[in-house]
Each structure stands twice: as C-alpha cells, then as structure tokens.
Amino acid sequence: MVATDSPTAPIPEPGRDFVRDIVQADLDAGRVAGIVTRFPPEPNGYLHIGHAKSICLNFGIAQEFGGRCHLRFDDTNPVKEEQEFIDSIQQDVRWLGFDWGEHLYYASDYFETLYHWAEHLIRAGLAYVDDTPADEMRAMRGTLTEPGRNAPGRDRSVDENLDLFRRMRAGAFPIGARVLRAKIDMAAGNMNLRDPVLYRILHAAHPRTGTAWCIYPTYDYAHGQSDAIEGITHSICTLEFEDHRPLYDWFIANLPVPAHPHQYEFARLNITYTVLSKRILTTLVREGHVTGWDDPRMPTLAGQRRRGVPAAGLREFVRRVGVARANSVVDLAMYEHAIREVLNAGTQRRMAVLRPLKLVIENWEEGRTETLEAVNNPENPDAGTRPVTFGREIYIERDDFLEHPPSRFHRLSPGREVRLRYAYFVTCRSVVKDSQGEVVELRCTYDPATRGGDSPDGRKVRGTLHWVSAADALPAELRLYNTLFARPDPGAGGDILADLNPASLEVLTGCLVEPALATLPVGEAVQFERQGYFCPDPDSRPDALVFNRTVGLRDSWAKVQAGQKAD
RNA sequence: UGGGGCGUCGCCAAGUGGUAAGGCAGCGGAUUUUGAUUCCGCCAUGCGGAGGUUCGAAUCCUCCCGCCCCAGCCA
C-alpha cells in the first residue's frame, strides 16, 4: 500500500461508483489478472444518450484500470437487425471518443460454439426440444404467483432430443415449430428459470451469417457464453437484467466455458422531457415524426452530433450523473449545463441577428465603412481577433429595442444610449414605423469618441448589443430546437405520441450573420454572442447557410421577464 | 402469503457505527464591451416511516410504507 497522507499526494479520484469499487476490489484480491469489459449493443437501432452512459462506463473502466473494452454486437435476432445499424453504432462509439482496437466481435461469430454447447446441455440432460406452440407455452409458464407446468416433451430421451435439435438446425421444421429449452424449474419464483428458451427457429437471413442458420440463440443463452469466450471479467448491464443473473450463472456453471465472467447491473439513464427507448425512437423515425435518426431533436448520438453537441459534453454529463442502482430521472438542465461548459471554453464567438431590425446612424457619412476588431473567444486569448465591418446601416435584434421599456430593461429605447459590441455607443433619436404602426427602422447617432466600445469620459451604458453590418451580412436560416416532448415525463399520460411537442422545431429565415461564418465547416460549433451555441447543419450550402442551435445561453433576463409577467 | 431490486435537499449523488461531500436547479451579491462566463455567499438538527440495539445510527436489528423490474420463441 502506498501512503496517501502526504500533503503533496494527489487527491484520490472522488465520486467513484460501486462498479469501479468492485473492479478495484477484484484486482486487489487477485480475483482477476486484468480488466476486460464490453459494450454489447444489438444492431437494431441507433445509439442514444442512454447508451453513452454504458459506453463511458465500460470503456472508461477499461481505460482507468489498464484493461480493454470490446465492442460486441449482440446480433442474435436477424429479424430486427440491419447492417446500417452496425455501421452507425461503430461511427457513434468512435465519435464519443472510444476505441476498441482490434476487439470488434459479434455474437454471431460464436454461433457454432454455442450450438455445440447446446448439444452438451442436451447430453447432460439439461436441455430438451419442445414443440409446444408459443401461446400454449405461455399459458403453461404459470403466472407471477402460480407455478408453471412441465411441457409434455420435457422428459424425452437424450438421443431423441439430439436428433430433433439437429433436424431443427438442418431446417426440417417451419418457423416457430420447436424450440430448445433449458431444463431448470417450472416452479421457480424467478420466471427466467422456468425452462427458458435457448434456440428458436427463424428462417430469416442474418446480416452477418446470411442463410447459414435457421435456428438462432436467444439473448440469455448467447450473452454470458460470449462473455466467457472473450474473457470478459466484468459484464456490466442495466438493472432489468438482474433477474437474468441466476440464469447467466447457470449456463456458466453447466457449460465447459473457458472463463467465468460475472454480471453487474446499474440503473439506466433517464432525462426529463426525453425518451431513451429504442422502440419508441424507432417509431418516431418510421412514422415520420422526426426527419430521421439524426434529426437534431432526437436523443440519438447521431442527432446530438448533428445538433452540435460536443462528444466531450456528453462525456462530462455522464461523469456528473454518476453510476448507481437507484432508478432516477436526471434534469435536462444538467445535460445542457455540461454542454455549455464545454462549448463556452472551446468555442469562437460570432455575431448573428436572428430577427433583424434596421438601424441607421444619421451622423455617419453615406458609403463610409470602418473595420473594427472583435475578440474571438474571451475565455481563450490565443483564439485571437477578427475584423468586422461597421457602417451607416446595421441590423440589431428586434428584441433589443422597446419603444416603451419596462423597468430593468437595459437595451435600446427612444433617447437611450447603448453600446454596439466592439463598435460605438449609439443613441436612438427616432423611430420609423410602417402603415401598421410596426417599428421598421431606428434612426440613431453615434459618438465617434467611443470607437471600440469604450467611452473616454468614463460614462457608463447599461446595455451592449450585438449587430451585423447591412453592407456585408449574409442571410441564413436558423433552426431552433426545443424539447421533442412537451412534458417532463413523456408517456406518463398513456399516449407518448400525444406528448410530442408541436413547437420542438422553430425555423427562422431571414436571419443575418457576419460574413466570417460563410466558411465554417459543417458541425463546427460557434457561439452567436448573447444568443447561444450554433453549428452549420449538413443542409447548409454556401449560398443558403443553415445553422442549428445546439443550446441557448443562460438567460437571466428571460427569468426576470417571466417574473414580471407573473406579478 | 411469487421472485428480484431501490428509497439521503426540487433533480442527480457521496457516505458502510463517530456526529450529512459534491454537482445541477434556485436565491442573494461582486466583476463584466455577451443580462454570458467567472467569483463569493445561502440552500437536509435531516437521511421513506415507526420502534429497538449502542456512549453514539443515514449506516446494525424489527416491523411498516412507497416506487421499479420479471409471465417474448425481444434484448
């Protein structure tokens, strides 16, 4: 043991979770020589934020303890699995920042071994072929409070079982005609032990094995044995598999497996206003409620990536949430906080006006322009500065002007002076309205002595506004996203589709952005000052810029306003 | 009167017999050319409830209450 009481000793990692404690204890006790984990997705959909928790846990533990983590596709059900998902999952795990090296595996790689082990169980009298129809089998399984009944074929001879099972493999029977079952205990309190199905007949082509098989192992039969084959030491999964652990252990104990892995369960992630269920996400995509798996409103990694969420933000979020065994629902605000934290530090600032209002500076000569210097990132001086053009006509945010300002409004109003960021102080002299009485233009004057935004006489101004120059601003479409669901607990009312938020997407056209934004690569995050974090969408073209709002800035003024309205 | 889990601040979450970490949210205040960021302060005499053991209990015992998972030839 190393002494840790030295004042200069590094402080041990705080907030370790129970899984890491177990791993550490196993290492300390010599129960395992090294750590091997795995992330085992079924390729039947895209990965989402909930998977990110599992990925960070499994790959993170491997990294921290000098072990390795395998990426293994749990591809035991060909009717639901597709190559597209196999590809997207690999892309998403890499994007999240993890590397499985050469340890890419498929449960289907083990089909032959699994098959031989099934015959082993038959020979040991621990498995039998059952031809009970599915609905009858369900009835005979009993209920939560009543034991099940033995199937008629439960006591078939080993030879007959072997013959039947081989004919199942050979394709002698139609879909669903027979299954191979483990002979355990039809009266077990744990339903998973009431003679679970090991193999079912599915005459379906598999993305990897094609038509080589017409019988496929179930999750229960395949998972633990795959772990054993790969030498997984800690098989980490979510709570709903806890009841399966006795079965997991039963297979390991009764089969000639090369290793004895152990399963540990943690609580899955839930987030307010969010659905993390592959089944429902699939429905949203199939029924067209969203534009696809990578719709920026989707909680998929592909969607969040397109929206502009940095992988580091996702990792930070997962780290803050922790790992435990209690079911919980994390506040969406915590996710947004982690994203802002990463984006604030690493993102350049630009100016963009979402809802433009023209502002003309009357004492600025027609045709004259000036180049001013804008800071790229106040959090990082190394990011440098960029030139921005200023002139007689500019655009500001409509929200930044109010003809009759309430108290505490620090922005522009008739007769009031504000600072234009990096530019000058301007004072509103008059307002131009259209026939409807709507404000369409502001007439202002500027103070030449305030160039750059500082007043030599030390006078203060309450507000600083962002702006773009009319001469060179570029038009753009901005897509603002709100929660996909309108209530914090989608589905709690019974119909989850009824909870979809009709205002989840707000498209703003006619926005104006500074010209430096024209060449920003797709997906690269920037902060639009005073507005939020954005990134160019893949739909963006040089002559038709499109930006996604990843997340807005914190807005305490909005809170004040909400408070005022409530009064 | 089936089996398996879980209950610590509004939301996450440490703590495993020695007198309740931290984060998010919220509320004050300072700084600020983003009403952003940053910084400072406040925020559980209390750990689902009731008993009990102990000098001492969120931690041990008993009973009770609540919530979650399981009856796919899904994972």
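In the text below, chain A, chain B and the rest are named by the order of the sequence lines, each starting its count at 1.
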Base-pairing mate for [N] - Watson-Crick or G-U, with both contacts under 3.5 Å:
N     : value
B/G2  : B/C70
B/G26 : B/C42
B/A57 : none
B/C63 : B/G49
B/A75 : none
B/A20 : none

For [X], give me all partners under salt bridge (Lys or Arg N to Asp or Glu O under 4.0 Å), at least two apart in sequence or on another chain.
X      : answer
A/R167 : A/D163
A/R355 : A/E506
A/E81  : none

Whole-Å distance between [N] [atom2] and [X] [atom1]?
X      : N     : atom1 : atom2 : result
A/R320 : B/A14 : CZ    : P     : 15 Å
A/F18  : B/C6  : CZ    : C1'   : 12 Å
A/M334 : B/G23 : CE    : P     : 11 Å
A/E397 : B/U34 : CD    : C1'   : 13 Å
A/L553 : B/U32 : CG    : C1'   : 14 Å
A/D399 : B/U34 : CG    : P     : 19 Å
A/L247 : B/G4  : CG    : P     : 16 Å
A/Q531 : B/G35 : CD    : C1'   : 12 Å

Could you tell me how far [M] sits from [N] if I compare only their [atom1] atoms? Round to whole Å.
N     : M     : atom1 : value
B/G23 : B/C42 : P     : 12 Å
B/C64 : B/C24 : C1'   : 34 Å
B/A44 : B/G2  : C1'   : 38 Å
B/U54 : B/G49 : P     : 23 Å
B/C65 : B/G72 : P     : 29 Å
B/U16 : B/A75 : P     : 41 Å
B/U59 : B/C47 : C1'   : 10 Å
B/C40 : B/A50 : C1'   : 43 Å

For RNA chain B, find the residues of residues 335-353 of chain A with a heavy-atom distance under 4.0 Å and give them by number; none if there aren't any.
->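 Only A/H337, A/N344, A/R349 qualify.
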Write out all pairs satisfying salt bridge (charged side-chain N to carboxylate O under 4.0 Å, His left out) with one or both partners inside residues 268-278 of chain A, taking only residues at least two apart or from two chains.
->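 Every pair satisfying salt bridge (charged side-chain N to carboxylate O under 4.0 Å, His left out) with a residue in residues 268-278 of chain A: A/E240-A/R268.
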Hey, could you give me each pair passing salt bridge (charged side-chain N to carboxylate O under 4.0 Å, His left out) that has a residue in residues 181-206 of chain A? Not counting sequence neighbours.
->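 Residue pairs with at least one partner in residues 181-206 of chain A: A/D130-A/R181, A/R154-A/D195, A/D155-A/K183.
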Ring geometry between A/Y219 and A/F241 (parallel below 30°, tilted from 30 to 60°, perpendicular above 60°) =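 Tilted: the ring planes of A/F241 and A/Y219 meet at 30° to 60°.
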What do you reckon, is CZ of A/R398 surrounded by more than 12 foreign heavy atoms closer than 6.0 Å?
->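 Atom CZ in A/R398 is crowded, with more than 12 foreign heavy atoms closer than 6.0 Å.
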For [N], take OP1 and OP2 only and decide whether either is under 4.0 Å from a side-chain N or O of [X].
X      : N     : answer
A/K559 : B/G26 : yes
A/S556 : B/A36 : yes
A/R554 : B/G35 : no
A/R325 : B/C6  : yes
A/T272 : B/C11 : no

Taking any heavy-atom pair under 4.0 Å as a contact, classify [X]: base, sugar-phosphate, or nothing.
X      : answer
A/V329 : sugar-phosphate
A/R411 : base
A/P378 : base
A/F409 : base
A/V323 : sugar-phosphate
A/R419 : base

Indicate, yes or no, whether a donor-acceptor pair under 3.5 Å links the base of B/U34 to the side chain of A/Q527.
->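 Result: at least one qualifying N/O pair found.
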Partners passing side-chain contact (heavy atoms from CB on, under 4.5 Å) against [X] (at least two apart in sequence or in another chain):
X      : answer
A/E336 : A/L332, A/R340, A/V551
A/A383 : A/Q348, A/N376, A/N377, A/N380
A/A25  : A/R31

Chi-based syn or anti call at B/G72, which uses purine or pyrimidine torsion atoms and a 90° bound |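 Judged by the O4'-C1' to base torsion, B/G72 sits in syn, the angle falling within 90° of 0.
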Any cation-pi pair here, A/R156 with A/Y128, using under 6.0 Å and within 45°?
->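 No, cation not above the ring by the 6.0 Å, 45° rule.
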Flag, side chain of A/R169 to backbone of A/C214, donor-acceptor distance under 3.5 Å =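 No, because the side chain of A/R169 does not come within donor-acceptor range (under 3.5 Å) of the backbone of A/C214.
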Under a 4.5 Å cut-off applied to non-hydrogen side-chain atoms, are A/Y199 and A/L114 in contact?
->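 Heavy-atom side-chain distance check passes, below 4.5 Å.
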Between the protein and nucleotides 8-10 of chain B, list the N/O to N/O atom pairs that are separated by less than 3.5 angstrom.
none

Sequence-aligned protein contact record of nucleotides 68-75 of chain B, with B where the base is within under 4.0 Å of a protein heavy atom and S where only the sugar-phosphate is = SBBBSBSB
Distance flag, aromatic centroids of A/H206 and A/F111, threshold under 6.0 Å |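 Judged by ring-centre distance (under 6.0 Å), A/F111 and A/H206 do meet the cut-off.
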All ring-ring contact (aromatic ring centres under 6.0 Å, His included) counterparts of A/H466, not counting sequence neighbours |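 For A/H466, no residue satisfies ring-ring contact (aromatic ring centres under 6.0 Å, His included) once neighbours in sequence are set aside.
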